[in-house]
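In this chain, numbering begins with 1 at the start of the sequence shown.
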Amino acid sequence: MEKMEKEFIIEGMSCAACSAAVERVTRKIEGVTESDVNLATNKMRIVFDSEKVSDDLIISKVQKAGFGCVPQNKETQGADGKQTAAGTDGSRSTAVNSSRSSSAANENPLSSQKKALTAAWIFAALLMYAAMGHMMHLPVPKIFDITAYPSNFALLNLLCAVPIMFIGRGFYIRGFKSLFHGNPNMDTLVALGSTAAFIYSTVLTFLIPLHPHLAHSLYFEAAAVVLVFVMTGKYLEQRSKEKTKSAIKALTALVPDTAVRVSNFGISNSKTDNDGTTETLEEIRVEDIRIGDILLVRAGQRIPVDGTVLKGTSGVDESMLTGESLPVEKSEGASVTGGTMNGNGLLYMQVTKIGKDTVLSKIIMFVEEAQGKKAPISKIADKVSGIFVPVVIGIGIAAAIGWAIAGADASFILRVCTSVLVIACPCALGLATPAAIMTGTGLGAANGILIRSGEALETAKHVDTVVLDKTGTVTEGKPSVNGVFCAEGKERSLVLALAAAVENASAHPLAKAVTEAALIQAEADAKKGLSPLRFEVVSFENVSGKGIASQVKGDFSNPSETDAKKKPASQTAAKTAPKKDKTLRVLAGSRLFIEENGIDCSLFDEEAQKASSAGAALVYLAADKEAYALITITDTIKPHSIEAVALMKEQKLRVILLTGDNKAAADYMGNLIKADEVIAEVLPQDKAEVIRGLQEKGAVVMMAGDGINDAPALVQADVGAAIGNGSDIAVESGDIVLVKGDLRDAAKAVKLSRMTIRNIKQNLFWAFFYNSIGIPLAAGLLYPAYGLLLSPMVGSFAMSLSSVFVVTNALRLRGKKL
C-alpha cells in the first residue's frame, strides 16, 4: 500500500452540509483513509492508497455528488486549480505562487459579487417600496394602488422580484442540483422556500381579477428579498473569510516580483572581478532564479530567496520570520532568508534555496496544512451538518401539515414553511471551527509559532506537563569556555594554544569550544604585540569516552617569556638564538584519563568541585607527565529560558527538565530555571520512554526539543514542539515549530490553543443556540400562545447574520496578544 496525500479545490459548496456530503462520498471510496473538507478555504485534503484510488476516481465521485473538483498540486498549481508558471525542472513553482494565485482568484469573484449585490439591493428597495409603501402611507402612483388597481400592484411586485431572482439564480441552480444528487444544502433550503413563495404569489396574481382581496396575500417580497439578505450575508461572510487568510497573504506579499542577478561577479572588487571583467546587472523575475545565482540586494529591498552573503554588511529585518523587530547584522558567510528586508547596506548573495525549499514557502505550506486539517472538536458540527438539511426540510413539511390540520389558510402555511426553510443555517456550524483555526494559526505564524494541524492546536489546550530538553532548548547548545585554571608557571595563552592544537582534530562540541577560545585569546595577544604560539601535532589518538593523546612539536614557553627574550630593535641584525622546539606527549580529557597516565590533578580539586556543581564540563590538560591546566566549559542558558518556565507555571503547567547530562549539571540547571522535576543521564533513544511513562500516569505532555536529536520523544509526546533557529526550520519534527528558538513561545502556543478552542466553543454554541431557537419560532411554535411568528425575510436576515457573527467572532483572535 502506497499512501498519498493530495489537496483538491471543491467548487459549488455553500454550507456545512455541502462539505459533509463531499466527505461522505469520498470516505466511502475503497482505499481512502482520510478525507477532510475545509469550508472556509474550499479545499479537500484526502489521504488514499494510490494503487487503488486515482485522481479521476475522486473527481468523478465528487462530481456525482453535485460539486466541482479540481486537483491542486502545491508545486505546480494555484488554489484556483490553474497551472502556474513552472520551469523545466518544476523548481520555480512554490507555495508562494500558489498563495498568490489563490489571492488573485478570490479578488475578482468578490468584486463581481459586490456589483451583483448592489444591483439586487436596488431592485429590493423598489420591491419593498412597491409592496409596503401603502402600509407606511408613502406616495405611490395611483395606477399601482393596491385598492384601485390590485392586478397592477401585483404585476409591479412581480416585475421587481424577477430581476432579483435572476441575479440570485445561482442559489436555484446549486440548490436544486444538490437536491437531485441527494445532497441537499443551504442553497436547497433557500431555493425551495423562495420558489414556493414565488409560485404561490404568481398563481394569486392571475386570480386577483376574480378575487381582488388576494392582492394582500402576495409574498413576492419574501421570495426575492430573502435572496438579497442571503446574498448580503454570503458577501460579508466571504469578505470576513478573506481576512482570516491575512497571515498567508502578508507572507506571500513579502516576496518581490523581480531580483537583480549579477554576472562576472568579483568578490575583491564591486565593479570588476579578478580578471578585470566588468560585472553586469540583469533584472529578472523571481521565478527565473536558479541555485548558485549571485544576486545584488540594495538597501531597502526585500531579499528574494534564501542564500548566503558573499560580500557586504547590513542589518536585515527578519520580523516576518521571527517576530523580532530589531535588525540582525549580516556579513560575509551569513545566511539570509527570502522575504526579509535589507537595511542600509549593500549585499551580494549566492542563492542556496529556491521554490518550495525556501523557508518562507515552507512556512506558508505549513500554515495552509494546519488550516486544511480539522480539529477533533469539529466532528460534532460535521455529524450535525450531515443530517441537518434533510431534518430541516422534514420540520418544514411537518409544520405545514400540522398547521393545515389545524385549519390555517394557505398563506399562513406557506409563510411558516418558507420561514423554516430559510432561517436554518448550517453555514454557521460549518464555519465555526475552520474560521477560528485559520485565524488562530495565522496569529501564531505572525508570532513565530507554526502549528501543523487543528488537532495539535486543540490538543495543546489540554497539556498539563511540559518536558524540556536541555541542550539547544533551555541552553544555547553551543558550549563555551568559561574558566581556564593554569598550573604554576603556565599562562592562559600557552594552555589554550596547546589545547586547541590537540582538540583541533576532534569533532566533539567541547573541542570546538576550546578551539574558539584559543582563537579569541590569540587575537587578544596579537593586540598586545605578543607572538602567536604554533604547535604541530605529530600523532593523534582519540581514546573513546576519555580524551585525546597526542605527540606535539613546538615551543612550550609562555608567549610573554618568548617575547621578553627578543633583542632590542637596534640589534635585529644580530644573530638570534634559535627557538627551542621540542616534542612532548600531550593529554587532554577527563581527570580519570589524565590520572590513568600517572599525572596528579589534585591541584585543581577546589576549582573542579565548584565548576562541577555549576554544571560545567571539565577538560584537563597535561604534557610531559605534568598537569598544565583545568579548562571548564558550560553551555550558556538562553536569555529567556527562566522567564519561559515562569510563564508555563502561570498557566498551571508542570515543567520537567530532561537531559543526558550528569545529575549535578542537570540539577544545577533545573534549580536555575526553577523546574518542578529534573530527569538526568537519559540517552536520546530513551527519552521517548520517559515521555511514555508520564503519559501512562495520566499526563498530557508537550515535549520541547531541537527537532532532530529529540525526534522520537517529539513524536511520542501528545504535542511535539520543535525548536527552530530562524533560518533552517525543522518543519517535519514536531506538531508545533517555534521559529525563533525562544522557549517562551512554547508557553504562548498553549495560550494560543486555549484562546482558539474557547473561540470555537463560542462559535458552536452560537450556531446551535441560534438554530434551536430560530427553527421552532419559524415553525410557529409560539404563535398559538403569543401570536409570535417570524416572516421569511426576518428569518433570512437572521440566517445570514449568524454566519457573519461566527466569522467575525473568529476574527477577534487577530487582535489578541500572546
Side-chain angles (χ1 to χ4, degrees), residues 87 89 91-92 94 96 251 253-322 324-363 478 504 512 515-516 518-520 522-524 526-527 532 724-729 739-741:
D89 60 354
S91 61
R92 296 185 197 180
T94 66
V96 173
L251 290 172
L254 294 175
V255 179
D257 295 322
T258 61
V260 177
R261 182 161 59 194
V262 182
S263 301
N264 302 320
F265 174 71
I267 297 177
S268 62
N269 190 305
S270 61
K271 294 182 179 179
T272 61
D273 65 11
N274 295 332
D275 298 322
T277 309
T278 303
E279 288 179 357
T280 56
L281 305 180
E282 174 191 8
E283 187 171 8
I284 60 172
R285 296 186 309 158
V286 169
E287 292 83 357
D288 293 329
I289 295 173
R290 291 289 179 267
I291 291 176
D293 283 353
I294 295 173
L295 307 178
L296 171 64
V297 185
R298 297 186 175 95
Q301 291 183 338
R302 290 203 176 272
I303 295 168
V305 291
D306 296 359
T308 304
V309 176
L310 294 179
K311 185 179 180 182
T313 302
S314 182
V316 175
D317 180 359
E318 295 186 338
S319 57
M320 53 71 63
L321 185 69
T322 65
E324 295 292 343
S325 58
L326 292 176
V328 179
E329 286 299 316
K330 301 290 182 180
S331 56
E332 185 176 335
S335 297
V336 287
T337 305
T340 54
M341 175 71 80
N342 185 23
N344 297 323
L346 196 68
L347 294 178
Y348 286 86
M349 60 171 284
Q350 187 164 36
V351 178
T352 56
K353 292 179 183 177
I354 59 174
K356 60 184 174 59
D357 295 323
T358 64
V359 171
L360 183 58
S361 290
K362 286 181 179 179
I363 289 176
K478 296 178 180 178
N504 194 45
K512 186 177 180 182
T515 304
E516 289 179 353
L519 288 172
I520 294 171
E523 289 176 1
K527 290 178 181 179
N725 62 7
S727 60
D728 188 15
I729 303 169
V739 179
K740 293 178 283 186

Nearest-0.5 Å distance that lies between atom [atom1] in [X] and atom [atom2] in [Y]:
{"X": "Asn344", "Y": "Ser314", "atom1": "CG", "atom2": "OG", "value": "6.5 Å"}
{"X": "Leu296", "Y": "Leu310", "atom1": "CG", "atom2": "CG", "value": "11.5 Å"}
{"X": "Asp293", "Y": "Gln350", "atom1": "CG", "atom2": "CD", "value": "8.5 Å"}
{"X": "Arg261", "Y": "Ile289", "atom1": "CZ", "atom2": "CD1", "value": "8.0 Å"}
{"X": "Leu347", "Y": "Leu295", "atom1": "CG", "atom2": "CG", "value": "11.0 Å"}
{"X": "Glu287", "Y": "Thr258", "atom1": "CD", "atom2": "OG1", "value": "10.0 Å"}

Closest non-hydrogen atom pair between [X] and [Y], with its separation:
{"X": "Thr280", "Y": "Asn264", "result": "OG1-ND2, 4.4 Å"}
{"X": "Thr337", "Y": "Thr340", "result": "O-OG1, 2.6 Å"}
{"X": "Val286", "Y": "Pro304", "result": "CG2-CB, 4.3 Å"}

Counting N and O atoms only, with roles assigned by atom type, does the side chain of [X] sit under 3.5 Å from a partner on the main chain of [Y], one being a donor and the other an acceptor?
{"X": "Asp306", "Y": "Thr352", "answer": "no"}
{"X": "Ser361", "Y": "Gly355", "answer": "yes"}
{"X": "Arg302", "Y": "Gly339", "answer": "yes"}
{"X": "Lys353", "Y": "Val305", "answer": "no"}

Close side-chain approach of Glu329 to Thr313, heavy-atom, < 4.5 Å: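 When only atoms from C-beta onward are counted, Thr313 and Glu329 do touch, with a gap below 4.5 Å.
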Taking the side chain as C-beta and beyond, is there a heavy-atom pair between Leu346 and Arg298 under 4.5 Å? yes
Does the side chain to side chain contact (heavy atoms under 4.5 Å, CB included) test come out yes or no for Met349 and Thr308, once each step is laid out? CA-CA 5 Å; Met349 60 171 284; Thr308 304; over 6 Å; no
